[in-house]
Structure formats: structure tokens, C-alpha cells
Amino acid sequence: MHWLFGDQLGPHFLRPSPDSGLTRDAPLLMIEARSVFRRRRFHRAKAHLVLSAMRHRAAELGDRVTYVRADTYREGLEKAAGGAPVTVHHPTSYAAVRLVRSLPHVAMGPPRGFLVPLEDFAAWADGHGGRRLRQEDFYRWVRQGHELLMDGDSPAGGRWNYDHDNREPPPRKTSALPVPAPYRPREDEIDDEVRHDLDRWESDGDVSFVGRDGPRLFPATRAEAREALRRFVDRRLGTFGPYEDAMLAADPVMSHSLLSSSLNLGLLDPGECVDRAEAAWREGRAPLNSVEGFVRQIAGWREYVWQLYWYFGEEYRHSNELRHTAPVPGWWDDLDADDIRARCLHTVLSQVRDTGWTHHIPRLMILGSYALQHGWDPAAVTDWFHRSFVDGYDWVMVPNVVGMSQYADGGRMTTKPYTSGGAYVNRMSDLCGPCAHRPGDRTGAHACPYTAGYWNFLDRHRSRLEHNHRTAQAVRGLDRLPDLDEVRHQEQARGDSPP
């Protein structure tokens, strides 16, 4: 019997291979463990998506799969397999790996759903001394090894990186990009059944969720995920690149692919996504800067985060070099955006509440930046991202939040803290115009919480950041602020109240 976890749902998880012990006709096992939803207060839309995807996959597999609903994985495994041998692919979290290794009759094969074997990355990282593991270097190595966007030994178009072309602010005087809408699935009776079960679990007091649910916005089947990929590549990829870092209040999706949840559920394989994007460029259907930006997100960043999660080890999640210990406030934890006056934060937190998703720039420069500026405990911030996003998994969020967003590793993953004042938000979005705050004001009735928070953050960590070549100039700017004392007192008084 071969056990499929709930994020191993695509056909590439059923390909037989000697190293996995999986045979072509092996009976399959899936376990829906209620305890998963008791341990954390997940977004309701995320719980619905995961259960819908698992139950849809079980329906597709038919009599080949034994689908067990149990309190825990151990209970479900005992019920379905007893002491019989079971194989499983390497899971995607340390907790799941510990569980599998503790089960005497379960044999674990290598992971699937990623481009680079863990041992190959470890050899590459060790060759770099295990320290300067920059994403750009890794990305080029993956491109060469997998012949992605390559012309012989050279990068397609003569450049590895088209970031310079992919940082445009949103078009002015428009509330939405003029692009076709993304693929949206249609719900069925399985979705209805899942929603009924979630309602019952909540009413029984068995579990508790945050956020809003329904209708389902993201694929729960392989067919839906393939259609979402096709729709993105054929209709939306061309405008993805230039505006991938831009934000519009009324258009949270813009030209983004919305494929992250499908990839992280295992409904799509990363190889098929980047291959289809490259084919679109080679056939003249999409510009190179957009295709390279999309390939970078999957073969570069997603792969890099997965590899660092395992290479850095489980203790990495506890990194806290900036010694931030403030708790995440209740209004944030509850996704309560109603009392927030700062339009950017109100808009983005509302998007998370309503959909369980925003694209990478609101996550990093609105949500993550605010948490960093206010010194929240990075472990608590990581847990919040894990619970609140439909594509959030432990392996996704630990490096992304601890290393990238909260700079809690002191620069092991990135070269500087990613935070900014209101000027950046104003330049890259339409969020500041009608706001009660003014991006240029550090103090006073209209002080922008991001601008004041930025300078307060630099001031608190001056001794560390003045020696970083990427932040030294900004730190020197503190000495030119005539109202720095007022900023300090203002931010201390603001505390954890909604801005």
C-alpha cells in the first residue's frame, strides 16, 4: 500500500520507481486527519480547498484508494493497513517526516514535485561553503542544469535576469489591468459536502477557523489546475512581467498566475509550468521578460525556498537575530481589517480575510514589512502566514518569513531587511491616494505608519544595520531627521493599535 499525503495529489506522485517502492498497481491510501485542523486556526478557505482537493482525488482514483477519515494519521494508518508494509514519498514538513520515521512499517522514498534532488542542492550549497547561498546563483545553476531558457551555454536573450523590466508601477488612471480574467473553478457536490462538514465541525466546537469561505477560487483537481495553467499562459502571461511587483486596490490578482496552491497541492508539476511558459516565448506568444519572471518564481524562488527549508535544518525556524518578541495583535490574528485607517493595510488584510491569498508584494511589503517594523515575534508571524494563506505550508513559510520577510536569520538568506516607507507603496500602487495618512509624513495627524515605522525600525537596529552595505546609507539618513525623537515617541504610543 502506498500512502499519499494531501499535498501529493498529481499524477507524478504515482509514477512507479525503484527508489520509492511504488509499483504500477499498488493500492493507495489517503488519510483525512481531523487533528490537523485542531492544531492551528486555519483560514476557512484553505481548509475547504485542501479537503476538497483530497476528496476529489479520492473520487478520481476510485477503488484503487482507501480513503480514511480519522482523528489522527496514526489512527488512520492503523485502521487501513494494520501492520502491513506501507510506502510513502518524502513529506513536505519536518513534523510529517518525524511521524513517518516513527512508524515501523512505513518506508519513505525521496520527495517529488520539485526540480532538484535534495542531495544535489546540498552538494551545490556545500560547494559554496554553506553560507553565501544567494538565490540568483542558485537560479542560474538550475537554469543550466535543466536547460531552461537557454541558448546553448548562454541565457536566452543574452541576459539571466529581466528584473529591471519587471518593476513597473501600475498604469495610472486605471483600477484594473486590461487583461482577461483568471480561471475560476465551478463548485460541485464534493465542495458542498466539505463545506457542510466544516460547518458541523465549527458548530460542534471541534475546530475554529478565520477568514471567509466560498465560492472556491482555486483548483482542487488536476483538470482544473491544467486549465488554470493553460489560461494563464495563453491569455495572461504576456503582461505578467512588467507589473508583477505592482499593486492595485481593486485588482488584487492583476496578471498573476494563481498557480501556487495548485503547485503546493501537487496538482501541477513545476517542470510542466516552466516548460509551457518557455514554449510560449519560443513560439512568439509571450515576451521574454514576462516568461523569465515566471520561470524565476518557480525554478528560482520556489525551488530555492524548498531547498533551504531542508538544508538549514529545523532549528532555522527559531532564528531571531533581531530579538523581536512582541506578540501578533488580536486584530491581525483575526483578520479584522475593519478598524484599519491605513488604506494599504486595510485593503491587503481584507483580501487575505476574503480569499486567503494576495500576491508576493503585498505579502512582503505590506504585511511582512508592518510586522518587521513593529518587532513581532518571527515564529508567530510565520505561523500566521502558514495558517492564513491557501498556499501556505511549513516549508513555504519558514524560509519566506523567517529569512526573507522578517530578516530573523540576520542575513543568512537575504542581504538586507525588506521594509520601506510609504514612498515605495505610493510609487508601486494606487493605495495611498485616498488614504487618511500621507506617505511623506513621519509625524502628526496624517503620519504614514509605514514611513514612521521604517525610520523607527532603522533607529532601533542602527548598530546592526549601519555595517550592512545595503542599509548603511539609509541609516545615515537618521542623522538628518529633525523629528527623530518625535517619531520614537509617536511609534511607542501607537503600540499595537490598528494604524
Side-chain angles (χ1 to χ4, degrees), residues 2-9 13 20 29-43 46-47 49-51 53-54 68-81 86-114 118 121-122 206-210 260-261 263-266 302 305-320 328 333 356 377-403 405-406 408-409:
H2 183 81
W3 177 13
L4 291 172
F5 274 92
D7 54 1
Q8 300 175 342
L9 303 182
F13 289 97
S20 69
L29 168 65
M30 298 176 70
I31 303 172
E32 184 181 300
R34 183 89 62 88
S35 59
V36 171
F37 299 104
R38 292 197 194 104
R39 287 196 296 266
R40 284 187 167 96
R41 195 169 167 228
F42 285 105
H43 198 294
K46 177 176 184 172
L49 175 63
V50 171
L51 292 182
M54 290 181 67
V68 179
R69 300 184 189 185
D71 192 61
T72 67
Y73 286 123
R74 286 183 187 274
E75 178 188 301
L77 191 65
E78 176 63 29
K79 181 178 179 181
V86 173
T87 60
V88 67
H89 299 308
H90 191 296
T92 59
S93 74
Y94 280 102
V97 167
R98 282 196 304 274
L99 169 65
V100 167
R101 287 176 173 165
S102 73
L103 300 168
H105 304 288
V106 179
M108 184 173 67
R112 295 190 179 184
F114 297 90
L118 295 178
F121 178 83
D206 196 29
V207 297
S208 176
F209 298 110
V210 295
S260 55
S261 61
L263 281 160
N264 295 350
L265 285 167
R302 181 178 185 269
V305 163
W306 162 257
Q307 298 292 345
L308 290 186
Y309 176 79
W310 298 105
Y311 186 78
F312 282 163
E314 191 164 11
E315 287 304 309
Y316 182 77
R317 74 175 64 248
H318 304 299
S319 301
N320 193 357
V328 173
D333 200 46
D377 179 355
V381 177
T382 302
D383 180 69
W384 180 84
F385 272 96
H386 181 167
R387 295 182 291 107
S388 300
F389 282 82
V390 294
D391 54 8
Y393 291 83
D394 198 56
W395 72 266
V396 176
M397 293 307 180
V398 169
N400 265 311
V401 179
V402 170
S405 171
Q406 300 304 294
D409 65 359

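Side-chain atoms are counted along with the backbone in the values below, which use heavy atoms only and exclude waters and symmetry mates.
For Tyr94 and Trp395, the gap between ring centers reaches or exceeds 6.0 Å.
Nearest heavy atom pair, residue Ala408 against residue Ser319, reads CB-O, 3.3 Å. Residue Glu314 comes nearest to His318 through the heavy atom pair O-CD2, 4.3 Å, listed as atom of the first residue, atom of the second, then distance. For the pair Ala70 and Glu75, the tightest heavy-atom approach, listed with the atom from each and the gap, is CB-OE2, 3.5 Å. The two residues Gly6 and Leu265 make their nearest non-hydrogen contact at O-CD2, 3.6 Å. A pairwise comparison of heavy atoms in Val86 and Ala81 identifies CG2-CB, 3.7 Å as the closest pair.
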*asked:* Could you walk me through whether Tyr316 and Asp409 satisfy the side chain to side chain donor-acceptor pair (under 3.5 Å) test, starting with their C-alpha distance in whole Å, then the side-chain angles of each, then the deciding distance to 0.1 Å, before giving a yes or no?
replied: CA-CA 8 Å; Tyr316 182 77; Asp409 65 359; 2.7 Å; yes

_Full working for side chain to side chain contact (heavy atoms under 4.5 Å, CB included) between Val36 and Phe42_ = CA-CA 9 Å; Val36 171; Phe42 285 105; 4.2 Å; yes

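Using a 4.5 Å heavy-atom threshold, the side chains of His2 and Leu29 count as separate. Residues Trp310 and Val97 meet the side-chain proximity criterion, which asks for heavy atoms closer than 4.5 Å. The side-chain heavy atoms of Asn264 and Arg302, taken from C-beta on, include a pair separated by under 4.5 Å. Between Leu9 and Met30 the shortest side-chain heavy-atom distance falls below 4.5 Å. You'll find the side chain of Ser20 reaches within 4.5 Å of the side chain of Arg112, heavy atoms only. Side-chain contact check for Trp306 versus Pro111: some heavy-atom pair is nearer than 4.5 Å. Inter-residue side-chain proximity for Val328 and Asp383 is flagged as unmet; no heavy-atom pair is nearer than 4.5 Å.
Once rounded to the nearest 0.5 Å, the distance linking CZ of Phe114 with NE2 of His90 reads 10.5 Å. Summarising the geometry, atom CZ belonging to Arg38 is positioned 9.5 Å from atom OG1 belonging to Thr72; distances are rounded to the nearest 0.5 Å. In this structure, OH in Tyr393 is found 5.5 Å from CG in Asp7, a value given to the nearest 0.5 Å. The distance from the OH atom of Tyr73 to the CZ atom of Arg34 is 13.5 Å, given to the nearest 0.5 Å.
Every salt bridge (Lys or Arg N to Asp or Glu O under 4.0 Å) that Arg41 has, sequence neighbours left out, goes to Asp334. Partners of Thr382 by side-chain hydrogen bond (donor to acceptor under 3.5 Å, both in side chains), not counting sequence neighbours: none found. Scored by the side-chain hydrogen bond (donor to acceptor under 3.5 Å, both in side chains) test, Trp384 finds Ser388 as partners (sequence neighbours excluded). Among residues two or more places apart in sequence or in another chain, the side-chain hydrogen bond (donor to acceptor under 3.5 Å, both in side chains) test is passed with Ser260 by Asp391. In this structure, the ring pair (Phe, Tyr, Trp, His ring centres under 6.0 Å) partners of Tyr311, at least two apart in sequence or on a different chain, are Phe121.
We find that Asp333 and Arg387 are joined by a salt bridge, their nearest charged nitrogen and carboxylate oxygen being less than 4.0 Å apart.
At least one cation-pi condition fails for Lys46 and Phe385: the charged atom is not both under 6.0 angstrom from the six-membered ring centre and inside a 45 degree cone around its axis.
Side-chain N or O atoms of His89 include none that pairs as donor or acceptor with a backbone N or O of Gln8 at under 3.5 Å. Looking at His43, its side chain never comes within 3.5 Å of a backbone N or O of Phe389 through a donor-acceptor pair.
Just one of Thr92, Asn400, Asp394 meets the side chain to side chain donor-acceptor pair (under 3.5 Å) condition when paired with Tyr309; it is Asp394.
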Compile the donor-acceptor pairs under 3.5 Å between side chains in residues 100-109 and protein atoms, sequence neighbours left out, one pair per line.
| from | atom 1 | to | atom 2 | distance (Å) |
| --- | --- | --- | --- | --- |
| Ser102 | OG | Arg74 | NH2 | 2.6 |
| Ser102 | OG | Leu99 | O | 2.7 |
| His105 | ND1 | Gly83 | O | 3.2 |

